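Only this structure's heavy atoms are used, side chains among them; waters, hydrogens and symmetry mates stay out. Keep in mind it's a predicted model, so treat the numbers as computed, not measured.
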Amino acid sequence: MTRLRQAEITGIVTELRRLTTRLYVFPEIGERIAEGLDEALSRGRYRGAEDAETLGRLVTEDLQAVNGDGHLRLKFHPDPIPAAKEDGALLAELARGADLSLGGVPRVERLEGGVALLKLAPILFPLDMAGESLNAALTLVARAEALILDLRECVGGHPYTSAHICGHLFDEPTHLNTLYDRQDGSEQQFWSPALLPGPRFGGAKPVYVLISGATFSGGEELAYNLQQRGRAVVVGEVSGGGANPRRGFTLHPHLEATIPVARSVNPVSGGNWEGTGVVPDTATDPARADEVAHRAALAEVARLGGGSASAEEARRALGGPAEDRPASGPDARL
């Protein structure tokens with residue numbers, strides 16, 4: 001990789017300062033961050049950054065020093081990124097990621113007791129890239145008696161995709177999130193859609209959502225939306241805490257400035273998960289969150305399923321009749 005010249009470093013940091021001042025979702029904090037970049041540049045903090053990866057790491061540390069916004073970065077890309085197009089690096093990364101993960105649906109599995117496990121990772125891809133994969137997977141799990149949605153490795157995603165998934169888990173259109181845009185002061189609401197291809201899982205059967213410290217951004221939004229609406233029990237550990245959607249700008253063939261330009265406002269809580277993460281209803285080691293959720297789901301299927309084959313299978317898996325098992329649900333300890 002070509003060594004960075006001091007003039008290049010100055011130009012990259014100066015442009016990043018301009019973007020942060022003009023676009024960052026919280027104007028006053030953006031000004032403070034920009035002042036920090038000026039100070040770091042003037043005292044020569046970046047003088048030893050001979051390569052793009054080192055510069056990206058140092059500048060990101062300074063960008064996040066004020067309020068810890070995980071979306072605010074000078075992101076290093078090992079492969080060259082598109083030069084002129086806004087969000088060009090992101091789009092190229094998305095296309096590659098979708099190809100490598102079956103459209104963001106790397107696992108669909110039936111577990112004992114008629115419980116379906118659906119893993120969504122590494123992100124919730126835009127519907128024009130992954131809609132067919134998502135719809136196929138959601139159609140497949142619609143017949144299950146309970147659903148475990150595994151977001152432990154989901155590090156981002158598009159709000160329309162999150163709303164589309166929620167459409168399969170509610171019976172009626174439901175207000176999920178509102179994005180406030182700093183630049184024009186507009187607000188955009190996101191609702192679960194009224195019409196969907198294929199059958200719905202529906203709004204009555206149990207849903208469990210698995211999260212971890214790696215769950216971030218769009219993955220957190222899906223978990224938070226379902227949790228705040230009382231539609232799912234969230235199991236695992238506190239997630240990463242990134243709620244401010246970002247835009248991307250190429251500042252160097254290997255460096256992308258990612259600037260949060262909006263903030264999420266949940267219609268139930270009136271807030272979001274920025275900085276705090278999504279707090280699970282049942283805290284457990286994320287490595288065994290699937291086991292914990294599955295056992296809770298089995299108890300629900302055994303309790304609700306009557307004499308169905310899945311309910312009988314669930315009772316056998318639990319080791320006894322449902323009435324001998326503790327109740328499970330959104331207010332129960334798993």
Is there a donor-acceptor pair under 3.5 Å between the side chain of [X] and the backbone N or O of [Y]?
{"X": "T60", "Y": "R57", "value": "no"}
{"X": "S212", "Y": "L210", "value": "no"}
{"X": "E274", "Y": "D69", "value": "no"}
{"X": "W191", "Y": "L176", "value": "no"}
{"X": "T54", "Y": "E50", "value": "no"}
{"X": "R200", "Y": "D171", "value": "no"}
{"X": "R17", "Y": "L37", "value": "no"}
{"X": "K205", "Y": "A144", "value": "yes"}
{"X": "R182", "Y": "Y24", "value": "yes"}
{"X": "H252", "Y": "H254", "value": "yes"}

Run the salt-bridge test on [X] and [Y] with the 4.0 Å N-O cut-off and return the result as yes or no.
{"X": "R315", "Y": "E312", "answer": "no"}
{"X": "E15", "Y": "R18", "answer": "yes"}
{"X": "E112", "Y": "R316", "answer": "no"}

Worksheet item: Between Y224 and S264, does any side-chain donor sit less than 3.5 Å from a side-chain acceptor?
Response: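 On atom types as modelled, these side chains do not qualify, holding no pair under 3.5 Å.
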Rounded to the nearest 0.5 Å, what separates atom [atom1] in [X] from atom [atom2] in [Y]?
{"X": "L169", "Y": "L147", "atom1": "CG", "atom2": "CG", "answer": "6.5 Å"}
{"X": "S101", "Y": "K119", "atom1": "OG", "atom2": "NZ", "answer": "10.0 Å"}
{"X": "N272", "Y": "N244", "atom1": "CG", "atom2": "CG", "answer": "6.5 Å"}
{"X": "K75", "Y": "L63", "atom1": "NZ", "atom2": "CG", "answer": "14.0 Å"}
{"X": "L16", "Y": "L41", "atom1": "CG", "atom2": "CG", "answer": "10.5 Å"}
{"X": "E93", "Y": "E256", "atom1": "CD", "atom2": "CD", "answer": "7.5 Å"}

Identify the two heavy atoms, one from [X] and one from [Y], that lie closest to each other, and give their separation to 0.1 Å.
{"X": "V141", "Y": "F201", "answer": "O-CD1, 3.5 Å"}
{"X": "L151", "Y": "G219", "answer": "CD1-O, 3.5 Å"}
{"X": "R45", "Y": "L58", "answer": "NH2-O, 3.3 Å"}
{"X": "V238", "Y": "T276", "answer": "CG1-O, 3.2 Å"}
{"X": "L304", "Y": "P206", "answer": "CD1-CG, 4.3 Å"}
{"X": "E220", "Y": "S239", "answer": "OE2-OG, 2.6 Å"}

Are [Y] and [X] linked, directly or through intermediate hydrophobic residues, by side-chain heavy-atom contacts shorter than 4.5 Å (ILVMFWY only)?
{"X": "Y160", "Y": "V105", "result": "no"}
{"X": "L138", "Y": "F190", "result": "no"}
{"X": "I29", "Y": "V13", "result": "yes"}
{"X": "V108", "Y": "V209", "result": "yes"}

Less than 4.5 Å apart, side chain to side chain, heavy atoms only: is that true for [X] and [Y]?
{"X": "L298", "Y": "L111", "answer": "no"}
{"X": "N67", "Y": "I33", "answer": "yes"}
{"X": "V235", "Y": "P280", "answer": "no"}
{"X": "Q227", "Y": "W273", "answer": "no"}
{"X": "V261", "Y": "Q183", "answer": "no"}
{"X": "I259", "Y": "R247", "answer": "no"}
{"X": "L222", "Y": "L149", "answer": "yes"}
{"X": "I12", "Y": "Y46", "answer": "no"}

Worksheet item: In terms of ring plane angle, is the pair H168 and H164 parallel, tilted or perpendicular, where the classes change at 30° and 60°?
Response: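 Perpendicular.
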Fill in: is_close_aromatic(F216, H71), centroid dist under 6.0 Å
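Between F216 and H71, the centre distance is under 6.0 Å.
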Atom [atom1] of [X] with >12 non-hydrogen neighbours under 6.0 angstrom:
{"X": "E313", "atom1": "CD", "value": "yes"}
{"X": "R110", "atom1": "CZ", "value": "yes"}
{"X": "R43", "atom1": "CZ", "value": "yes"}
{"X": "E132", "atom1": "CD", "value": "no"}

